[in-house]
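These figures come from a predicted structure and were not determined experimentally. Convention: sequence-line order gives letters A, B, ...; per-chain numbering from 1.
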Amino acid sequence: MLDLKLIRSNPELVKAALAKRGASISLEPFLALDERRREKLAEVEKLKNKRNVVSEEIGRLKQAGQGAEAMVLEMREVSAAIKDLDDEIRRLEGEIQQTLLGIPNIPDEGAPVGRDEQDNVELRRWGEPPQFTFAPKAHWDIGEALDILDFERGGKVAGARFTFYKGLGAALERGLINFMLDTHTREHGYVEVLPPFLANSASMTGTGQLPKFAEDMFKLEGTDYYLIPTAEVPVTNLYAGEILDGGKLPIYHCAYSACFRAEAGAAGRDTRGLIRQHQFNKVELVKISNQEDSWEELEKLTLNAERILQLLGLPYRVMALSTGDMGFSAAKTYDIEVWLPSYNSYKEISSCSNFRDFQARRANIRYRVGKGKPLFAHTLNGSGLAVGRTVAAILENCQTEAGTVKIPALLQPYLGGVTEIK
RNA sequence: GGAGAGAUGGCCGAGUAGGUCGAAGGCGGUCGCCUGCUAAGCGAUUAUACGGGCUAAAACUCGUAUCAAGGGUUCGAAUCCCUUUCUCUCCGCCA
């Protein structure tokens, strides 16, 4: 959520910033609402003041045993007027709030300006895509041939975009989760949390999934529960409504969760394999930072996610997302893309963003330094990493001509010493 | 799922036959004083949001709101009524 005062005092700046996203938003109706609200507010506050003063006087008179009938009658009318004005103001505020919640974050100056993913900027590469002396197979073929992934039965039991992992496939997924969590907690200083996989609408609003992206999520019928699309939601909202001790920032959390996405607009895309599932596993990194350090924290967080790929020996590149390709809540985003032979290209495996105070304002996450006023925190998060896509990358990049898969050395202890899936 | 109890400021905790309560007291925090060391003592201060005034911006100042949330009764509600949420205890059920 943007600062109402910023929009009010500097609408042109806001408009220009949002235009970079390709979002042309007319702020005039909004500003008119805001103007009207303030008028009504001044009006009603004057009346309330009168009511407070006179009511006090009535109390005094009654205790002195004197009548105050005329005043009571007058105040009865004042109260009626107040009620009408309050209703009007409530209505206006609701409208303003809804509009505000629907406006995306202002892109940071450092984010490359562009229309879509074509304009993303490559920052760096690590590792070399493997050169195969044979025709490499896609991970879905490898997985079925080794009997470690079962897409067919996933479809039977649940539906399209659901998969059974089996045997060493399941163990590989589980081992990766532990490997990632261990690396982030032991080497990068994150505190692990295991969050609820359902969250309510207030939390979904806090991180920006609602109100605009309801159709991307699964909602439990007859309840206020949504299946979380990412652990970002419960973990960031961990501190919703709180005033944190500025001295305790930054807070680093990593969290494993299953993630659930309706993939409403993705029909026909990535239909095969593990790349785009309704349910997938992810280890998420979340940071609550002060306002000064969040940019540095974003760089560090991205490196923490990259580290996993380096330890696994998987080639990747890092992209700075263009303003037109960034998510709704982000001020700046780096995508990490892993090499995927079946796509013959790099494929997103992590997305690391600084939201600045956009989420904190919605979720009311603040901190205080000394005796100072509470300040909105800056929130960040990134995948560290998407586990299913990591499995896909390992199967494809580490495959052999014989159809087996070599397990990266550092992962072997997590698979009971297994060196190869065959 | 059934029965009961509860939700007050950073924390603990008063306050319910409605009126001067943004809210006693304590703890903690901050500033000052005192004491030739740590301690203790004394005094003061210590919420947030929104809107107005002033300002380069603050400070400051005025107003309004906030005692879980929302609604109602009333001239006036932390105090009365209704709804919802959450917490605790007992029973049932269950991993």
| task | Considering only atom P, compute the distance from B:C12 to B:G92 and round it to an integer number of Å. | result | 32 Å
| query | Between B:G63 atom P and A:Leu85 atom CG, what is the distance in whole Å? | reply | 20 Å
| query | Do A:Glu93 and A:Lys40 pass the side-chain contact (heavy atoms from CB on, under 4.5 Å) test, and can you show the C-alpha distance, the side-chain angles, and the key distance before you say yes or no? | reply | CA-CA 11 Å; A:Glu93 284 181 342; A:Lys40 293 290 167 189; over 6 Å; no
| Does B:G70 have OP1 or OP2 sitting under 4.0 Å from an N or O in the side chain of A:Arg90? | no
| field | Integer-rounded Å distance: B:C50 C1' and A:Ile96 CD1 | value | 12 Å
| note | Quick note, A:Arg366 side chain, CB onward, closest among B:G51, B:A49, B:G76 is B:A49
| said: Under 4.0 Å between a side-chain nitrogen and a carboxylate oxygen: does that hold for A:Glu263 and A:Arg276? | reply: yes
| task | Take atom CE of A:Met75 and atom P of B:G76, then tell me their distance rounded to the nearest Å. | result | 9 Å
| Nearest-angstrom distance from the residue atom CZ of A:Arg38 to P of B:G63 | 21 Å
| Would a 4.5 Å heavy-atom cut-off, applied to side chains only, mark A:Leu274 and A:Phe280 as touching? | no
| Base-paired stems in RNA chain B, each at least three Watson-Crick or G-U pairs under 3.5 Å | B:1-7 with B:85-91, B:10-12 with B:25-27, B:28-33 with B:41-46, B:47-53 with B:60-66, B:68-72 with B:80-84
| query | Once you round it to whole Å, what is the distance between P of B:G71 and CD1 of A:Ile82? | reply | 15 Å
| Verdict with supporting geometry, A:Thr379 and A:Gln359, side chain to side chain donor-acceptor pair (under 3.5 Å) | CA-CA 7 Å; A:Thr379 63; A:Gln359 292 181 325; 2.7 Å; yes
| request: To the nearest Å, give me how far apart CG (A:Asp86) and P (B:U66) are. | output: 10 Å
Between the protein and nucleotides 57-59 of chain B, are there any N/O to N/O pairs under 3.5 Å, and if so, what are the atom names and distances?
none

| message | Less than 6.0 angstrom separating the ring centers of A:Tyr414 and A:Phe179, yes or no? | response | yes
| query | Can you find a pair of side-chain heavy atoms, one from A:Tyr252 and one from A:Leu285, that are under 4.5 Å apart? | reply | no
| Do you know which of A:Gln279, A:Glu173, A:Gln277 makes side-chain hydrogen bond (donor to acceptor under 3.5 Å, both in side chains) with A:Thr163? | A:Gln277
| message | Run the side-chain contact (heavy atoms from CB on, under 4.5 Å) test on A:Met204 and A:Asn237 for me, step by step, so that the C-alpha distance in whole Å, both residues' side-chain angles and the decisive distance to 0.1 Å come before the verdict. | response | CA-CA 9 Å; A:Met204 291 298 174; A:Asn237 280 288; over 6 Å; no
| request: Write down the distance separating the C1' atoms in B:U87 and B:G32, rounded off to the nearest Å. | output: 42 Å
| message | Using atom C1' in both nucleotides, what's the gap between B:G22 and B:U79 to the nearest angstrom? | response | 15 Å
| For A:Arg8, which contact category applies under a 4.0 Å heavy-atom criterion: base, sugar-phosphate, or nothing? | sugar-phosphate
| request: For the residue pair A:Ile349 and A:Tyr316, establish whether any side-chain heavy-atom pair is separated by less than 4.5 Å. | output: no
| Taking the six-membered ring for Trp, are A:His184 and A:His188 parallel (under 30°), tilted (30 to 60°) or perpendicular (over 60°)? | tilted
| Minimum side-chain heavy-atom gap A:Leu227-A:Phe197 below 4.5 Å | no
| request: With the side chain counted from C-beta on, respond yes when A:Glu337 and A:Lys347 share a heavy-atom pair under 4.5 Å apart, and no when they do not. | output: no
| said: With rounding to the closest Å, how many angstrom separate the P atoms on B:C91 and B:C82? | reply: 29 Å
| query | P atom, B:G10 versus B:G18: distance in rounded Å? | reply | 29 Å
| said: With a 4.0 Å limit, can you tell me whether A:Ser79 has a side-chain N or O closer than that to the phosphate oxygens OP1/OP2 of B:U74? | reply: no
| field | A:Ser257 side chain near A:Ile228 side chain, heavy-atom distance below 4.5 Å | value | yes
| note | Closest to the 5' end of RNA chain B, once A:Asp34 and A:Arg76 are matched to their nearest nucleotides, is A:Asp34
Can you tabulate the close N/O pairs, meaning under 3.5 Å, that link protein atoms to atoms of nucleotides 9-11 of chain B?
none

| query | P atom, B:U73 versus B:A59: distance in rounded Å? | reply | 39 Å
| request: Give me the residues of residues 40-64 of chain A where at least one heavy atom lies under 4.0 Å from an atom of RNA chain B, by number, or none. | output: A:Leu41, A:Glu45, A:Lys48, A:Asn49, A:Arg51, A:Asn52, A:Ser55, A:Ile58, A:Gly59, A:Lys62, A:Gln63
| field | Validation row: A:Leu172, A:Leu411 side chains within 4.5 angstrom (heavy atoms) | value | yes
| message | Rounding to an integer number of angstrom, what distance separates B:C33 and B:U20 when you compare their P atoms? | response | 39 Å
| Closest to the A:Arg37 side chain: B:C75, B:G51, B:U48? | B:G51
| When rounded to the nearest Å, what value does the distance between C1' atoms of B:A69 and B:C86 take? | 10 Å
I'd like a table of donor-acceptor pairs (distance under 3.5 Å, sequence neighbours excluded) in which one partner is a side-chain atom from residues 143-154 of chain A, with atom names and distances.
from	atom 1	to	atom 2	distance (Å)
A:Asp147	OD1	A:Lys166	NZ	3.2
A:Asp147	OD2	A:Lys166	NZ	3.0
A:Asp150	OD1	A:Glu152	N	3.3
A:Asp150	OD1	A:Arg153	N	2.9
A:Asp150	OD2	A:Arg153	NH1	2.7

| request: In whole angstrom, give the distance that lies between atom CD of A:Gln66 and atom P of B:G19. | output: 19 Å
Distance-only donor-acceptor pairs under 3.5 Å for side chains of residues 387-398 of chain A, two or more places apart:
from	atom 1	to	atom 2	distance (Å)
A:Arg389	NE	A:Ile275	O	2.9
A:Arg389	NH1	A:Glu348	O	2.7
A:Arg389	NH2	A:Ile275	O	3.0
A:Thr390	OG1	A:Ala386	O	2.6
A:Glu396	OE1	A:Ser342	N	2.8
A:Glu396	OE1	A:Ser342	OG	3.0
A:Glu396	OE2	A:His139	N	2.8
A:Glu396	OE2	A:His139	ND1	2.8
A:Glu396	OE2	A:Ser342	OG	2.7
A:Asn397	ND2	A:Trp339	O	2.8
A:Asn397	ND2	A:Ala393	O	2.9

| query | For the pair made of CD in A:Glu35 and P in B:G51, what is the distance, rounded to whole Å? | reply | 12 Å
